[in-house]
Number of protein chains: 2
Amino acid sequence: MEKQYNLSKNQKIILNLIVKSTEPLKAYSILYNVQKKGIKAPLQVYRALDKLVEIGKIHKIESRNAFIACQNSSCQISKATAFSICESCEKVSEISNSKLSKYLSNFTDEAGMKYNKYNLEFFGLCKKCKTS
Amino acid sequence: MEKQYNLSKNQKIILNLIVKSTEPLKAYSILYNVQKKGIKAPLQVYRALDKLVEIGKIHKIESRNAFIACQNSSCQISKATAFSICESCEKVSEISNSKLSKYLSNFTDEAGMKYNKYNLEFFGLCKKCKTS
DNA sequence: CTTATAAATGTTATATTATTACATAATGTT
DNA sequence: AACATTATGTAATAATATAACATTTATAAG
Ligand SMILES: [Zn+2]
Ligand SMILES: [Zn+2]
Ligand SMILES: [Zn+2]
Ligand SMILES: [Zn+2]
């Protein structure tokens with residue numbers, strides 16, 4: 001586990017929940033699960049999520065409106081994210097592939113424009129779902 | 001303009017609106033704009049959007065919950081999409097780059113898994129916003 | 001240690017996005 | 001015509017996310 005010195009109380013609570021989860025968590029599911037810890041309102045959850053996304057501790061899976069812990073220790077600020085999503089069981093993994101990230105970070109479009117950030121979501125069937 | 005033979009009334013109305021738009025449209029903005037044409041309920045919009053996405057006429061910009069017309073005539077079924085999004089003015093363009101799409105369509109992860117679908121969103125500043 | 005500033009919290013209300021459920025109508029196929 | 005498939009209409013509700021405002025806690029200077 002990494003240091004969390006600068007995280008606030010709510011941020012720690014919510015990060016811990018997300019880190020422990022084996023699947024992406026949705027905001028209101030998080031809310032439900034931290035109510036016993038005193039977090040009562042959606043906004044408290046969304047604020048913590050915003051901050052955690054900003055510092056790269058978690059990522060938002062846009063196509064699912066859900067959040068997972070960063071599985072890539074080097075991904076301090078989440079400007080370059082790639083995920084594998086199983087369309088059957090909804091398992092999500094973060095892809096850490098340096099060739100891919102280099103390729104995308106250096107990508108220049110037809111107009112010569114470069115980008116400072118990207119998010120890539122791959123969809124398919126995971127091993128389990130493919131063989132069953 | 002392409003053929004629309006198989007599109008239903010609502011689907012045509014909504015596709016036409018999206019095609020004419022210079023920016024991605026949100027579902028409730030679409031609803032507001034087609035109420036004069038007799039479409040009254042969110043569900044009518046969402047159903048048309050679902051179908052149009054399914055057949056590749058439009059794409060959903062996941063990070064914006066908005067929809068744009070496919071700008072790539074060869075993109076019949078939208079399994080491989082890439083977009084450029086300006087973080088300042090929110091201008092969105094579809095990227096049609098055969099090298100990029102080949103690279104991503106052939107991508108195999110560490111575990112040897114291949115994917116049948118992907119969505120990529122690049123973020124940055126468009127030309128206009130960079131120089132102003 | 002006090003003052004200033006920024007960051008985080010608590011709380012209520014509300015806005016925005018999307019789906020469930022059920023009845024009906026239009027379209028395509030045999 | 002009979003059947004299956006797709007689309008529509010309508011009402012209600014679920015799920016996701018933000019606005020506004022008052023207060024508290026943490027950090028950084030002076
Ligand atoms: Zn990461
Ligand atoms: Zn699976
Ligand atoms: Zn397209
Ligand atoms: Zn711009």
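- Following rounding to the nearest Å, A:L49 (CG) and C:dA8 (C1') show an atom-to-atom distance of 14 Å.
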Could you walk me through whether A:I61 and A:E121 pass the side chain to side chain contact (heavy atoms under 4.5 Å, CB included) check?
-> CA-CA 8 Å; A:I61 308 302; A:E121 298 183 359; 3.8 Å; yes

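- One interatomic measurement links the two molecules: OH of B:Y32 to C1' of C:dT17, which rounds to 19 Å at whole-angstrom precision.
- Regarding A:L52, its CG atom lies at a distance of 14 Å from the C1' atom of C:dA7, rounded to whole Å.
- In this structure, B:I30 atom CD1 and C:dT16 atom P are separated by 15 Å, rounded to whole Å.
- In terms of the ring pair (Phe, Tyr, Trp, His ring centres under 6.0 Å) criterion, residue partners of A:F122 (sequence neighbours excluded) are, by chain and number, B:F107, B:Y115.
- Separation of the A:Y103 and B:Y103 ring centroids falls under the 6.0 Å cut-off.
- Using a 4.5 Å cut-off on side-chain heavy atoms (C-beta onward), A:V34 and A:L17 make contact.
- A:Q11 contributes a side-chain N or O that, together with a main-chain N or O of A:S8, makes up a donor-acceptor pair within less than 3.5 Å.
- Here the closest heavy-atom approach between residue B:V45 and residue B:A27 is recorded as CG1-O, 3.7 Å.
- In this structure, the CG atom of B:L31 is 15 Å from the P atom of C:dT19, given to the nearest Å.
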For nucleotides 6-18 of chain D, 5' to 3', base contacts (B), sugar-phosphate-only contacts (S) and non-contacts (-) with protein non-hydrogen atoms under 4.0 Å give -SBBBB----BBB

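- In the helix from C:dC1-D:dG30 to C:dT30-D:dA1, the end axes, each obtained as the rotation axis mapping the C1' atoms of four pairs onto the next four within a five-pair block, lie 50° apart to the nearest 10 degrees.
- Taking the six-membered ring for Trp, A:F83 and A:H59 have ring centres closer than 6.0 Å.
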Passes side chain to side chain contact (heavy atoms under 4.5 Å, CB included), B:L104 versus A:L120? Steps please.
-> CA-CA 10 Å; B:L104 292 175; A:L120 170 59; 3.9 Å; yes

